[in-house]
Amino acid sequence: MKRLLRVLAFFRPDLPKVGLSLGLLVFAIGANLLKPWPIALLADSVLGNKPLPEWLAQFFFSSSKASLLAFLGISVLLLHIVNGALMALQNYWVIGIGLRGLARVREALYERLLRLSQRFHQGRNSGDTLYRATWDTYAFQTLFQQGLMTLVPASLTLLLMLLIMSRADSVLTLFTLLLIPLLVLSIRSFGRVMNARSAEAQ
């Protein structure tokens, strides 16, 4: 936890932009969760005989199924466009924040290296020092982008999806939850092999 807080300290100057990025993520998650809704109405109320929700039936009470189909088709398109635009804008902000934080990390690291004695540098492999200062520092940006800015929205999306699924079909939701441990084990197994091969390649 201390390491995470130490990493996030380099991104503190961009805290307002981080908040804006999280706000965009919330709206993008909302649009993403609404994507199946028009398809469900299409299957239930256009192809099937299930009545429309009351708030929607007021607008399409006397309309034909063709106009309802057109409305649902446009809704699917708009939801995908809105979700894609929000995710692209959020990704743009997050990459900028990550790069600025990475620049601060490297500035602090090079200041530290310059304060070290010449004897220290003479006893070190200069290639290894340059590699670590240039490439290993990307871990800060990765932890921010793929850790914080991916873990938070992914967890929120998962919780909201489970809530929606439980209200629609509790048995199917329970079956889905039972598959999560198997998925986690698969990720850990393949991830261990991929990490070993990545370290060998480096």
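As the structure is a prediction and not an experimental result, all values here were calculated from the model.
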Any side chain to side chain donor-acceptor pair (under 3.5 Å) pairs touching residues 19-39, not counting sequence neighbours?
Asn32-Lys35, Lys35-Asn83

Hydrophobic clusters here meaning ILVMFWY residues chained together by side-chain heavy-atom distances under 4.5 Å, can you tell me if Phe27 and Leu89 are in one?
yes

Decide whether Leu158 and Leu177 are clustered together by the hydrophobic rule: side chain heavy atoms of Ile, Leu, Val, Met, Phe, Trp, Tyr closer than 4.5 Å, transitively.
yes

Would you please name every residue forming a side chain to side chain donor-acceptor pair (under 3.5 Å) with Asp14, sequence neighbours left out?
Arg100, Arg104

If I take atom OG from residue Ser189 and atom CG from residue Leu185, how far apart are they, to the nearest 0.5 angstrom?
8.5 Å

Got a second to check how far Met165's CE is from Leu160's CG, nearest 0.5 Å?
13.0 Å

How about CE on Met161, more than 12 heavy atoms from neighbouring residues, nucleotides or ligands closer than 6.0 Å, or not?
no

Could you list the residues that satisfy side chain to side chain donor-acceptor pair (under 3.5 Å) with Lys50, not counting sequence neighbours?
none

Name the one of Leu24, Leu25, Val82 that satisfies side chain to side chain contact (heavy atoms under 4.5 Å, CB included) with Met87?
Leu25

As an exercise, state the distance from CD1 of Ile97 to CD of Gln141, rounded to the nearest 0.5 Å.
11.0 Å

Take the angle between the ring planes of Phe11 and Phe144 and call it parallel below 30°, perpendicular above 60°, tilted in between.
parallel

Non-neighbouring partners of Asp169 that pass salt bridge (charged side-chain N to carboxylate O under 4.0 Å, His left out), sequence neighbours left out
none

My understanding is that only residues two or more places apart in sequence, or in another chain, count here; which of them pass side-chain contact (heavy atoms from CB on, under 4.5 Å) with Val184?
Ile180, Arg188

With sequence neighbours left out, what residues match Gln90 under side chain to side chain donor-acceptor pair (under 3.5 Å)?
none

Kindly give the heavy-atom pair with the smallest separation between Leu33 and Pro36, and that separation in Å.
O-CD, 3.3 Å

Partner set under salt bridge (charged side-chain N to carboxylate O under 4.0 Å, His left out) for Arg106, not counting sequence neighbours
none

Partners meeting side-chain contact (heavy atoms from CB on, under 4.5 Å) with Arg112 (sequence neighbours left out)
Arg115, Leu116

Tell me, which pairs form a ring pair (Phe, Tyr, Trp, His ring centres under 6.0 Å) where one or both residues lie in residues 66-114, sequence neighbours left out?
Phe60-Phe71

Is there a path of hydrophobic side-chain contacts, each under 4.5 Å between heavy atoms, that joins Leu69 and Leu77?
no

Taking only residues two or more places apart in sequence or in another chain, which ones pass side-chain contact (heavy atoms from CB on, under 4.5 Å) with Ser117?
Arg119, Phe120

Here the gap from Arg192 atom CZ to Phe190 atom CZ, rounded to the nearest 0.5 Å, amounts to 11.5 Å

Nearest 0.5 Å, please: how far is CG in Leu159 from CD1 in Ile29?
10.0 Å

Among residues at least two apart in sequence or on other chains, which ones pass side-chain contact (heavy atoms from CB on, under 4.5 Å) with Thr142?
Gln146

Return the set of residues passing side chain to side chain donor-acceptor pair (under 3.5 Å) with Asp44 (not counting sequence neighbours), or none when no residue passes.
none

How far apart are the C-alpha atoms of Val152 and Leu156, what are their side-chain angles, what is the distance that settles it, and do they pass the side-chain contact (heavy atoms from CB on, under 4.5 Å) test?
CA-CA 6 Å; Val152 171; Leu156 180 60; 5.6 Å; no

Connected via hydrophobic side-chain network under 4.5 Å: Leu79 and Val76
no

Just how far is it from atom CG of Leu162 to atom OG of Ser170, taken to the nearest 0.5 Å?
12.5 Å

Same hydrophobic cluster for Val105 and Val94, using side-chain heavy-atom links shorter than 4.5 Å among ILVMFWY?
yes

Are the side chain of Ser155 and the backbone N or O of Leu151 linked by a donor-acceptor pair below 3.5 Å?
yes

Pro13 versus Ala9, closest heavy-atom pair with distance:
CD-O, 4.1 Å

